There are 2 protein chains.
Amino acid sequence: MSATTVHIVDDDEAVRDAIQFLLRNNGIATRLWPNAEDFLSYWHPDMHSSILLDARMTGMTGPECFTLLRERGCQSPVIFLTGHGDVPMAVEVLRQGAMHFLEKPFDRETLLRTVREALEQEAHRIEQLQAQALLNHCLASLSPRELEVMEKILDGKQNKVIADELLITVRTVEVHRASVFEKMGVRSAVELARRTAGQK
Amino acid sequence: MSATTVHIVDDDEAVRDAIQFLLRNNGIATRLWPNAEDFLSYWHPDMHSSILLDARMTGMTGPECFTLLRERGCQSPVIFLTGHGDVPMAVEVLRQGAMHFLEKPFDRETLLRTVREALEQEAHRIEQLQAQALLNHCLASLSPRELEVMEKILDGKQNKVIADELLITVRTVEVHRASVFEKMGVRSAVELARRTAGQK
DNA sequence: TCAACCATTGTGGGAACCCACAGTTTTGAT
DNA sequence: ATCAAAACTGTGGGTTCCCACAATGGTTGA
């Protein structure tokens with residue numbers, strides 16, 4: 001279970017509390033922020049979070065905050081909440097990848113459903129990230145030469161060919177190959193190809 | 001070059017003509033439709049198209065048309081055009097995957113840019129489809145047994161293991177393996193894994 | 001300076017892979 | 001009934017892979 005917190009960023013205390021109440025009653029951890037600036041200064045890239053963002057706040061607006069988050073590499077789901085609907089704003093943030101754009105007063109069920117969707121998406125993203133991190137960890141443990149050999153293995157080349165290209169003997173390639181399999185935790189070239197699929 | 005046509009679906013003839021004029025002047029092929037029903041009856045799944053859809057039309061509305069298209073498997077980019085902005089509608093269609101939601105009167109440059117983006121996306125989609133079709137063609141040419149062997153190869157299993165699992169001799173597996181490589185146009189198991197990456 | 005790691009190579013043998021040549025059996029369609 | 005494709009098997013020989021055992025030389029940080 002990833003401890004994903006839902007961050008509620010809204011300058012209206014009544015709204016924050018109401019949403020927190022709703023989510024807590026459904027077993028969802030929350031954290032409240034009265035403005036975008038405070039939340040932004042707290043936010044860091046490897047947080048697990050879903051974000052509820054009020055569109056119009058004193059100080060930085062929701063869309064501005066969203067843009068900054070994306071620029072800083074935030075991939076967490078963001079749900080906008082707004083009092084006065086504004087089509088261009090909704091279009092803009094949704095096209096930039098916001099998960100939803102809800103108009104107040106919003107239906108409790110709709111908000112809850114959307115937040116749950118966000119939590120699922122975030123959990124999925126975290127899984128991907130962890131898999132990626134594990135892979136990177138393995139890749140980082142390879143020596144330069146091993147990496148070189150691995151790439152050629154992934155081209156489907158035989159040891160003999162690799163040896164020719166690297167101007168070394170087949171025996172040496174075999175040694176590197178074995179190290180690569182060992183370090184990457186696979187036992188065949190096919191597994192290696194699958195594990196690194198979609199990679200560089 | 002894929003012969004992608006931009007379909008303009010709008011009940012206002014003046015709007016249709018204006019957009020057609022704009023796009024034609026920029027070398028983009030168009031086809032005009034006065035209502036969603038006519039376009040829908042023309043549309044078929046393997047069309048290459050980008051779609052400009054008026055939100056409010058006599059008869060079927062844009063969003064209704066869009067929903068039907070998606071239900072029928074249409075993956076082409078859809079751009080909405082609308083006179084009177086309606087936040088829930090914009091949110092709904094964008095969340096369903098519409099490319100954009102433009103309010104009239106729209107800026108020529110914006111429309112043109114969006115259409116070009118749509119054409120690019122569609123071209124990319126067509127490429128993917130064609131690659132997929134080629135792959136499916138290869139897969140379809142495999143006999144049931146060959147397919148079975150291929151799956152086990154993709155699990156990284158050795159001929160010997162495959163033979164045991166299928167209750168046949170290694171020799172037979174070798175034959176099937178060779179056929180698979182031949183038919184799939186690859187020369188190693190790694191290439192096979194890469195070609196079918198992200199597949200079933 | 002010494003341990004640790006990297007890159008390299010050799011030998012030798014067992015296992016796996018690839019393939020040409022040759023053949024049987026089953027199955028489905030005309 | 002007949003023909004074609006699919007599935008299956010064998011033999012033999014060459015190639016490639018894998019690995020234990022053994023070793024050399026270079027770099028680097030403690």
Side-chain angles (χ1 to χ4, degrees), chain A residues 131-200, chain B residues 131-200:
Chain A
Q132 183 63 49
L134 179 61
L135 182 57
N136 286 338
H137 183 263
C138 289
L139 287 173
S141 75
L142 297 176
S143 71
R145 204 53 158 172
E146 285 163 354
L147 193 60
E148 213 167 346
V149 170
M150 189 186 80
E151 283 163 2
K152 291 177 187 293
I153 291 173
L154 291 178
D155 288 340
K157 289 170 179 164
Q158 295 183 318
N159 290 349
K160 190 184 171 186
V161 175
I162 297 174
D164 285 347
E165 290 181 3
L166 296 180
L167 305 173
I168 55 181
T169 64
V170 171
R171 185 66 191 90
T172 307
V173 175
E174 285 173 1
V175 171
H176 288 319
R177 184 188 184 98
S179 298
V180 168
F181 284 7
E182 159 86 37
K183 290 181 179 176
M184 299 298 290
V186 299
R187 275 162 64 242
S188 73
V190 172
E191 273 182 66
L192 185 67
R194 288 181 111 52
R195 180 147 317 180
T196 61
Q199 221 37 34
K200 49 174 177 47
Chain B
Q132 183 61 51
L134 181 60
L135 182 57
N136 287 338
H137 184 264
C138 288
L139 288 173
S141 74
L142 296 177
S143 71
R145 203 54 158 173
E146 285 163 354
L147 194 59
E148 212 167 346
V149 169
M150 188 186 81
E151 283 163 2
K152 290 176 187 295
I153 291 172
L154 292 178
D155 288 339
K157 289 171 180 164
Q158 296 183 319
N159 290 351
K160 190 186 171 185
V161 175
I162 298 174
D164 285 346
E165 289 181 3
L166 297 180
L167 305 174
I168 54 181
T169 65
V170 170
R171 184 66 190 90
T172 306
V173 175
E174 285 174 3
V175 172
H176 288 318
R177 185 188 183 96
S179 298
V180 169
F181 284 5
E182 160 85 37
K183 290 181 178 176
M184 298 299 290
V186 299
R187 274 161 64 244
S188 73
V190 172
E191 273 183 66
L192 185 66
R194 287 182 112 51
R195 178 145 321 178
T196 62
Q199 217 41 32
K200 45 166 179 54

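Each chain gets a letter, A, B and so on, in the order the sequences are listed, and its residues count up from 1. Bear in mind the structure is a predicted one, so any value in this text is a computation, not a measurement.
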S.K.: Nearest-Å distance, CD1 (B:I168) to C1' (C:dT25)?
M.R.: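 Answer to the nearest Å: 15 Å.
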
S.K.: Phosphate oxygens OP1/OP2 of D:dC17: is one of them under 4.0 Å from a side-chain N or O of A:N159?
M.R.: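 Affirmative; the distance criterion is met.
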
S.K.: Can you measure A:L142 atom CG to C:dC6 atom P for me and round it to whole angstrom units?
M.R.: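 Rounded to the whole Å, the gap is 10 Å.
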
S.K.: Quick check on A:E165: does its CD atom have over 12 non-hydrogen neighbours (other residues, nucleotides or ligands) under 6.0 Å away?
M.R.: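 Buried by this count: over 12 neighbours within 6.0 Å.
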
S.K.: Identify whether any heavy atom of B:R145 sits under 4.0 Å from a base atom; if not, whether one sits that close to sugar-phosphate; answer base, sugar-phosphate or nothing.
M.R.: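 Answer is sugar-phosphate: B:R145 comes under 4.0 Å of backbone atoms only.
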
S.K.: The test is salt bridge (charged side-chain N to carboxylate O under 4.0 Å, His left out); show your working for B:R194 and B:E191 and say whether it passes.
M.R.: CA-CA 5 Å; B:R194 287 182 112 51; B:E191 273 183 66; over 6 Å; no

S.K.: 5'-most contact on DNA chain D: A:A178 or A:K160, nearest heavy atom basis?
M.R.: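 The answer here is A:K160.
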
S.K.: Would one find more than 12 heavy atoms of other residues, nucleotides or ligands at under 6.0 Å from atom CD of A:Q132?
M.R.: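 Check passes, neighbour count above 12.
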
S.K.: How many whole angstroms separate atom NZ of A:K157 from atom P of D:dT16?
M.R.: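 To the nearest whole Å, that distance equals 16 Å.
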
S.K.: B:K152 has an atom NZ; how far is it from atom P of C:dA16, in whole Å?
M.R.: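 Taking NZ of B:K152 and P of C:dA16, I get 17 Å after rounding.
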
S.K.: Using the closest heavy atom to pick a nucleotide of DNA chain C for each, name whichever of B:V175 or A:L167 lands nearer the 5' end.
M.R.: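 That would be A:L167.
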
S.K.: Considering all heavy atoms of both residues, which atom of A:M150 and which atom of A:V180 are nearest to each other, and what is their separation?
M.R.: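 Between these two residues, the closest heavy atoms are CG-CG1, 3.7 Å.
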
S.K.: Mark yes or no for a side-chain to base donor-acceptor pair under 3.5 Å between A:R171 and C:dT8, with no hydrogen or angle criteria applied.
M.R.: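 No pair found.
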
S.K.: Under 4.0 Å: is that the gap between some side-chain N or O of B:T172 and OP1 or OP2 of D:dA7?
M.R.: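 No, B:T172 has no side-chain N/O under 4.0 Å of OP1/OP2 on D:dA7.
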
S.K.: What nucleotide among C:dT8, D:dA7, D:dC19 has an atom nearest to a side-chain atom of B:H176?
M.R.: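 Ranking C:dT8, D:dA7, D:dC19 by closest atom to the B:H176 side chain puts D:dA7 first.
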
S.K.: From CD of B:E191 over to P of C:dC17, roughly how many Å is that when rounded to an integer?
M.R.: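 So the CD-P distance, B:E191 to C:dC17, works out to 17 Å.
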
S.K.: Rounded to whole Å, please give me the gap between CZ in B:R187 and C1' in D:dT16.
M.R.: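 So the CZ-C1' distance, B:R187 to D:dT16, works out to 15 Å.
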
S.K.: Touch check for A:V170, heavy atoms < 4.0 angstrom, all strands: base, sugar-phosphate only, or nothing?
M.R.: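 No contact at all - A:V170 keeps every heavy atom at 4.0 Å or more from the nucleic acid.
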
S.K.: Regarding A:E174, tell me which of base, sugar-phosphate or nothing describes its non-hydrogen contacts under 4.0 Å with the strands shown.
M.R.: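 The answer is base, as A:E174 lies within the cut-off (heavy atoms under 4.0 Å) of a base atom.
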
S.K.: Answer with yes or no whether A:E146 presents, from its side chain, a donor or acceptor under 3.5 Å of a partner atom in the base of C:dC6.
M.R.: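 Flag unset: no donor-acceptor pair detected.
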
S.K.: Rounded to the nearest 0.5 Å, what separates atom NE2 in A:H176 from atom CZ in A:R145?
M.R.: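 Rounded to the nearest 0.5 Å, the NE2-CZ separation comes to 6.0 Å.
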
S.K.: I need the CG-C1' distance between A:L147 and C:dA7, as an integer number of Å.
M.R.: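 Computing the A:L147:CG to C:dA7:C1' distance gives 15 Å.
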
S.K.: Quick one: is D:dT9 close enough that its OP1 or OP2 comes under 4.0 Å of any side-chain N or O from B:T169?
M.R.: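 Indeed, a polar side-chain atom of B:T169 lies that close.
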
S.K.: Rounded to whole Å, please give me the gap between CD in B:E165 and P in D:dC8.
M.R.: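 In whole Å, D:dC8 P and B:E165 CD are 14 Å from each other.
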
